[in-house]
Amino acid sequence: MRPFDYLRAQDTAAAIAEAGKPETKFLAGGITLLDLMKLNVERPARVVDITRLSGLDTIEVSADVIRIGALAKMSKVADHAGVREAAPVLSESLWRAASAQLRNMASIGGNLMQRTRCTYFRDPGAYSNCNKRNPGSGCAAIEGINRNHAVLGTSDACIAIYPGDFAVSLVAFDADVLVRGTVARRIPIDEFYLLPGQTPHLEHPLSPGEMIVGIEIPRSAALKRSHYLKVRDRASYEFAAASAAVGIEMEADGRTIRDVRIAVGGVATKPWRLRAVEASLKGKTLDESTLRAAAAAAVEGAKSSGHNAFKIALVPKVVARALMTVGDIS
Amino acid sequence: MTQNNAFELNRRTVMKLGVGAAAAATAGVNLSSEKALANNPAKSQSPALGARLSRAEGPLKVSGQARYAIEQKLENMAYGVTVQSTRPAGRIVSIDTSAAKALPGVVDVYTPQNALKLNKPTVYSKGGGATEEFTPLQDDVIRFNGMHIALVVAETFEQAMEAASLLKVEYEAGDAIVDFNDPKAKSQPIDAMAAAWGDAATALANAEVKVDVTYTTSREYNVPMEPHACIASWDNGKMTVWEPSQWVGGARRVVSDWLGIDIEDVRVISPYVGGGFGSKIGAHPHVGLACAASRKLGRPVKVSLTRPQTFTGLGGRPATRQNLSIGATKEGKIVSIVHESWNETAIDELHVEACNNVTKIMYATPNLSSRLNVVPVHTVQPGWKRAPGENPSAYALECAIDELAYALEMDPITLRLANWADIDPSSKLPWTTRQLREAYAAGADAIGWWKRNPKPRSMREGRELIGFGMASGAYPMLRTASEAKIVFHVSGQIEVLSGGTDIGTGTYTILAQTAADVLGVPAETVAVRLGDTILPRSALAGGSQQANNLTGAVDRAAKNARAALLSLAATDPKSPLAASKVTELTLENGRVRPTRRPSGGISIADLLKAVGRNTLEVEGNTFAPGASEEMKNGADRSFAQMKASLEGGVSAHSWCAQFVEVRVDEDFGTIRVKRMVAAFDSGRIFNPKLAESQWIGGMIMGLGQTLLEEGHVDQRDGRTVNANFADYAVPVNADVPGVQVISVGIPDFQASALGGKGVGEIGVVGVAPAIGNAVFHATGKRVRSLPITLEKLA
Ligand SMILES: Cc1cc2nc3c(=O)[nH]c(=O)nc-3n(C[C@H](O)[C@H](O)[C@H](O)COP(=O)(O)OP(=O)(O)OC[C@H]3O[C@@H](n4cnc5c(N)ncnc54)[C@H](O)[C@@H]3O)c2cc1C
Ligand code: SF4
């Protein structure tokens, strides 16, 4: 590991000022950052510890939004009664992520910033060819072992998955990321994650020193009737083979879908909203065959790299089953 | 399809199974396994041995006081980090170490250009203690991706890691054979391990019903919690190594080989081992680097492999492929088994996975042929992982038997009983004990086998398909004579000493129980010291033999100690009992007393005090009378004295019957094991709590093997790309269902001195086929390769 300086920020302004300097990283729970530093993927000269900053770990559920501070722990948010009541999908996508120990350390801001689990990305000693680490060097994964690589949103430069769960829920329910730098701004979550294109090393629109201070999720009827389904080989403590964050709102007749939200994880280069599937379901009668038929379109444009072909078959089933669960179709 | 009511047993089977089991077999349900057993599980008559004691060293471990190898604090320690190749074959042209050496704290960097000298160690198959001949840095040849090619030594671990990342290695490419599916791979037959009787080919050709299948397993890794990590300390011509070891005698031999020094100048210390599962039997090459660096630098050197490095710093279970054909009559009598297996081995070393160990002894077949082959590829030399040989052997065999049962429309247990082997079909020798029918009956009863609908894909709950599967297995008895010593201290302390190690299995506990049993003292008052080459000689903690080896030796030592105490009491003039005859004295409850006087007497400590002695040391061993020192050393530092399962004209094995219930999601293909039940014949059980823990641990390891574990080898460069715990998944608590284990063994004094058989490895035998068969029952789909991941059921 490269030797580095450790700074502890006294307040948010100081943290932002320090982190704006070259080769500097925020340090929250450290679950991603220290891991990648030990692997020599991240080699900051300085880290700015933001964990003691006050006022950034609050969780507020008001009449129309849920606002979560960037330093709130994953476990705290998952267990929060108000969140569980207003937004089951948020709680579920958190407690199905990582392990209890990691959730107790990891922050919501850090969670949004977690990086891909592509094994080639994580092995710089053996693979210099990774466009995400070394722009222009090629991609070791495309012709390598790619069982856990993306089938959606890929490019010929990078097929790395965005591995997280929570952000999939946020994308389904139109959250905003609250950012502070020289100015404060609000970034719609869907724009917070960039497609790899020819620039897979660019993952977020944050400028150096810009800090996530919180997220805001608008409340809705669909959010209240929501669910996160995570499918994986191991029963727990594994990233998704495929996952779906869904929510529905029914018309007064109890049969017709008024609103529906769907995003999938574990299969795409960013949390993947399925707007077309949503549109095709609105106004339809809620039943298994309708859901399965609509879900088939979830993988439109999907591209297999070989070992990950199974994901293309899996995604529609995961989407359909998640919707069946919120729709009480057993 | 044969249901429970069609379960047919011949008369002999009924007699052997016992009335209860036969009733269970015919009535099928509602019979407690207790009643079903003709012979109840071995229960010790004695108070200490056989008791359900918790692990003696447990409190030390959970409170952090047990110091593992690299937790020793030594003055002036240096930290060594190995650098591993990133190419599978070819040659090292050069290694530029200048950037690494320029870093602060770096002591030295060793590469093939300035190698630390290491001699080739003698491998176990040639009479030594090594599991691989490979000695890093001695030449410029690349043998596999992930091979040690340099050692960086620095003042801190972090400095060494950073320096290690700065080496610039120039390779000359070579042609690699990445795995045994590579078209360039060539197999080599291992004729010495083939088996054949009758005319298997003809009998198969003429058989009425046949299955003809290929089963494969992936590269699996032992990945114990404690990584392979050691400290070597050279001092004045002597080498001390703190090394997590299943076999300190073997490690000592290897270190003396590597360094070319007298074995008496090597000490290996291993009081606690955080798991090994076979991977800590041999000291692996990084230990050699630590030793050589310590000798060169004259200071202690600690070398810990990182978790990723453990995947190629030593080998796991090799990938295997087995072709298996079974021919049977329409009535279900097996007439022929034709078997051939292949396993990967290192490009210039030999590891044979004995994939016919179970195949050739389970069933009474008049004709069998089995051939083993190895396939040299550019991989780290594979090693032993729990039940090497037996595990893959039982996997293919017991899946194929299930396939045969379905082909015959016969119940799988009925089919197995119809082909019951009265004697060992391979050696034609009688079994010592084989409580396998009892195991079938008890396991079937506990899981509710006869209540299932045997038709594939016939049972479901919601969107989950339900499957039941069973399989059986065996593990051979290995035995090596060993020594032990008992020391009585005037303080009242009683010590048991052995060089054997406790790899988390409970050696500390059962040896205290063994001594306590003979000496009539509470087990808690006996302190056991283990894992040090200055202690009495012991064979390895491997091959499920150590508990039997060492309880035997400690029992002898304790009996000798009892005799010595009585003799001391009767003959020493200062003893208060000096007037008595030895034959009139008894040792009971830790006191020596005249046999006729039920109370009173003198405690052991008071006796020592009275006769003016601080200690009394007494040895015992299980060697044949007159065994030479050479033989005793051979037992301790080689396999020369190890006796295999056929010793003494009988065939001795542990047996198991595994049963599982699985749930398979019909959409996703995810498999969750809902229940596991296994019945084991491990002979006499010295401590049921510890034995159960071993069995359960083995079963969970089998679950991981079946559903999760697989080394992913990049076909372009032979690199294991999932060499870490996030990508090489092992079961977590959520994967592990309720597990029930049942002991059906009876004491087997032909198998071992105190009647025990192997416990540690049999638990992982038969799990994979039981789950695989259950997945077939649930889904109607036969997956013939491990692991059974969700895409294979898509
Ligand atoms: C073994 C393992 C399994 C896991 N499994 C899952 C899983 O199943 N599902 C899942 O979703 N996640 C999983 N994770 C990822 C885990 O959730 C994230 O590592 C964790 O949430 C990161 O949060 P942190 O606070 O520790 O971030 P850190 O590691 O401290 O920071 C991560 C990155 O974000 C930056 N950063 C941190 N805070 C801010 C901020 N406020 N503003 C701007 N930048 C910031 C840091 O500079 C750094 O680059 C797993 C991780 C591991 C190691
Ligand atoms: S998939 Fe992306 S992260 Fe992985 S090796 Fe290719 S470029 Fe790098």
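Below, read A as the first sequence line, B as the second, and so on, with proteins coming before strands; counting in each chain starts at 1. The model shown is predicted, which means the values in this text are computed figures rather than measured ones. Values below: all heavy atoms of this structure, side chains included; hydrogens, waters and symmetry mates excluded.
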Look up atom [atom1] in [X] and atom [atom2] in [Y], then write down how far apart they are to the nearest 0.5 Å.
X        : Y        : atom1 : atom2 : answer
A:Thr119 : B:Arg719 : OG1   : CZ    : 10.0 Å
B:Asp727 : A:Cys118 : CG    : SG    : 9.5 Å
B:Ile788 : A:Asp233 : CD1   : CG    : 11.5 Å
B:Asn722 : A:Ile145 : CG    : CD1   : 7.5 Å

Do you know which of [options] has the most heavy-atom pairs with chain A at a distance under 4.5 angstrom?
options                      : value
B:Val736, B:Leu167, B:Leu708 : B:Leu708
B:Gln84, B:Arg672, B:His712  : B:Arg672
B:Asp717, B:Ile671, B:Thr306 : B:Asp717

Measure [X] against the heavy atoms of chain A and call it side chain, backbone, both or neither at under 4.5 Å.
X        : result
B:Ala729 : both
B:Asp665 : side chain
B:Phe725 : backbone
B:Leu790 : both
B:Gln715 : neither
B:Val713 : backbone

Handout entry: A:Arg234 (side chain) donor-acceptor with B:Val730 (main chain) under 3.5 angstrom
Key =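 Yes: the side chain of A:Arg234 pairs with the backbone of B:Val730.
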Problem - Over 12 foreign heavy atoms within 6.0 Å of NZ, B:Lys674 - result: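 Counting neighbours around NZ of B:Lys674, 12 or fewer heavy atoms of other residues, nucleotides or ligands fall under 6.0 Å, so no.
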Handout entry: NZ/B:Lys101: more than 12 non-hydrogen atoms of other groups inside 6.0 Å
Key =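 Result for NZ/B:Lys101: enclosed.
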Exercise for the section: Report yes or no: do A:Tyr237 and B:Asp735 form a side-chain donor-acceptor pair below 3.5 Å? Expected result: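 There is no such pair (donor and acceptor under 3.5 Å, judged by atom type) between the side chains of A:Tyr237 and B:Asp735.
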Using non-hydrogen atoms only, which part of [X] is less than 4.5 Å away from chain B: side chain, backbone, both, or neither?
X        : value
A:Ala140 : both
A:Leu229 : side chain
A:Ser236 : both

Taking the side chain as every heavy atom from C-beta outward, state whether [X] and [Y] have any pair of such atoms under 4.5 Å apart.
X        : Y        : answer
A:Tyr120 : B:Asp714 : yes
B:Thr670 : A:Val231 : yes
B:Glu791 : A:Arg147 : yes
B:Met161 : A:Lys38  : no

Handout entry: Minimal non-hydrogen separation, A:Gly125 against B:Thr86, with atom names
Key =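 Between these two residues, the closest heavy atoms are O-CG2, 3.5 Å.
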Problem - Best-contacting candidate, A:Arg122, A:Lys311, A:Glu143, A:Arg117, against chain B by heavy atom pairs under 4.5 angstrom - result: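 Highest number of heavy-atom pairs under 4.5 Å: A:Glu143.
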Handout entry: chain B interface, residue from A:Arg321, A:Met1, A:Glu238, A:Arg2 that has the most non-hydrogen pairs under 4.5 Å
Key =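 Answer, by heavy-atom pair count under 4.5 Å with chain B: A:Arg321.
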Problem - Chi angles and distances behind the side chain to side chain contact (heavy atoms under 4.5 Å, CB included) call for B:Val721, A:Tyr127 - result: CA-CA 10 Å; B:Val721 298; A:Tyr127 298 100; 3.8 Å; yes
Practice task
Could you check B:Glu162 against A:Arg43 for salt bridge (Lys or Arg N to Asp or Glu O under 4.0 Å), going step by step and ending with a plain yes or no?
Solution key: CA-CA 11 Å; B:Glu162 176 66 5; A:Arg43 291 178 60 83; 2.6 Å; yes
